[in-house]
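Only this structure's heavy atoms are used, side chains among them; waters, hydrogens and symmetry mates stay out.
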Amino acid sequence: MKVIYEDNHIIIVAKTSGEIVQGDKTGDTPLSELVKQYIKEKYQKPGEVFLGVVHRLDRPVSGLVVFARTSKALARLNRMFAEGEVHKTYWAIVETLPRGNGAPPSNESILLTHYLVRNEKQNKSYAYDREVPHSKKAQLRYRVISQGDRYDLLEIQLLTGRHHQIRCQLAKMGRPIKGDLKYGAPRSNPDGSISLLSRRVEFIHPVSKEQIVVEAPLPDDNLWKALKPQDP
């Protein structure tokens, strides 16, 4: 965990793959508790520390997580997330396609629309091209921002927020995220991660009304570093 931004009302941290945002049946210490401990120690707060969870990242995903430090910020952030006022940008590493064989030109934005059905027992979603019973519409935009010999780096804008949406939609189009065995990647990453990063978050501060734009550092991995686009 690395703190990227904090003030009296919100705190934004970069989680590493493997960390869970909230407690689950594994009993592992969640990120929310680590952040509470950080606040308690830094500000020498007596008693219980308030921290509101407003969204989550899958355990094998790394990157930015926004927490609320006050009930006022929590209520407003919950509404903002629900109404699409928080803009999240993800980076994903996928296997490259042969150039000219259905691979979009670099920087061309592509809209993906599917209908997702969540299987609770499998903790997995399935994507369909048409609406089916119990499905929810899922949309994202992606573009290729860097190309390597074996892998491409995609930048993804989520337009809806569905269970495993990015993982499921990319797999449906035949480009599962590197390391994502659940959605068809041929092999796992050595550290158990999947190559999906919550890279940037942008929103109007729920209390101060200032524009907040923060970016997560890249994972400490040579492939991420090699595919990072060169600064203009």
**Flag side-chain contact, heavy atom, 4.5 Å: Gln37 against Glu41** = yes
**Request:** Treat each ILVMFWY residue as a node, draw an edge where side-chain heavy atoms are under 4.5 Å apart, and state whether Val61 and Leu116 are in one component.
**Result:** no
**Asked** CG of Leu218 to NZ of Lys228: how many Å apart, nearest 0.5 Å?
**Response** 5.5 Å
**Prompt:** Going by atom types alone, do Gln165 and Tyr90 pair a side-chain donor with an acceptor below 3.5 Å?
**Reply:** no
**Message:** Less than 4.5 Å apart, side chain to side chain, heavy atoms only: is that true for Arg118 and Glu120?
**Reply:** yes
**Asked** Tracing side-chain links under 4.5 Å among I, L, V, M, F, W and Y, which residues wind up in one group with Tyr128?
**Response** Val117, Tyr126, Val132
**Asked** Quick check: does any side chain N or O of Lys178 sit under 3.5 Å from a backbone N or O of Arg187, one acting as donor and the other as acceptor?
**Response** no
**Prompt:** What is the ring orientation for His205 with His9, classed by angle as parallel under 30°, tilted 30 to 60°, or perpendicular over 60°?
**Reply:** perpendicular
**Complete:** Between the CG atom in Leu181 and the CD1 atom in Ile194, the distance rounded to the nearest 0.5 Å is 10.0 Å
**Message:** Between His163 and Ser125, does the side chain to side chain donor-acceptor pair (under 3.5 Å) criterion hold? Intermediate values first, please.
**Reply:** CA-CA 7 Å; His163 176 257; Ser125 289; 2.9 Å; yes
**Complete:** Between Ser195 and the options Leu153, Asn189, Asp221, Leu223, the side-chain contact (heavy atoms from CB on, under 4.5 Å) test singles out Asn189
**Request:** With rounding to the nearest 0.5 Å, note down the distance linking CG in Leu51 to CZ in Phe67.
**Result:** 5.5 Å
**Item:** Lys/Arg N to Asp/Glu carboxylate O, Asp28 vs Arg59, below 4.0 Å
**Value:** yes
**Prompt:** Under a 4.5 Å cut-off applied to non-hydrogen side-chain atoms, are Glu95 and Pro186 in contact?
**Reply:** yes
**Request:** Answer yes or no: is there a side-chain heavy-atom contact under 4.5 Å between His55 and Lys88?
**Result:** yes
**Prompt:** Under a 4.5 Å cut-off applied to non-hydrogen side-chain atoms, are Asp129 and His114 in contact?
**Reply:** yes
**Request:** Taking the side chain as every heavy atom from C-beta outward, state whether Gln169 and Thr113 have any pair of such atoms under 4.5 Å apart.
**Result:** no
**Whichever hydrophobic residues join Val86 through chains of side-chain contacts under 4.5 Å** = Ile4, Tyr5, Ile10, Ile12, Phe50, Val54, Leu64, Val66, Leu74, Leu77, Met80, Phe81, Val201, Phe203, Ile212, Val214
**Request:** For residues Trp91 and Ser146, determine if any side-chain heavy atom of one lies less than 4.5 Å from a side-chain heavy atom of the other.
**Result:** no
**Presence of salt bridge, Arg199 and Glu215, under 4.0 angstrom** = yes
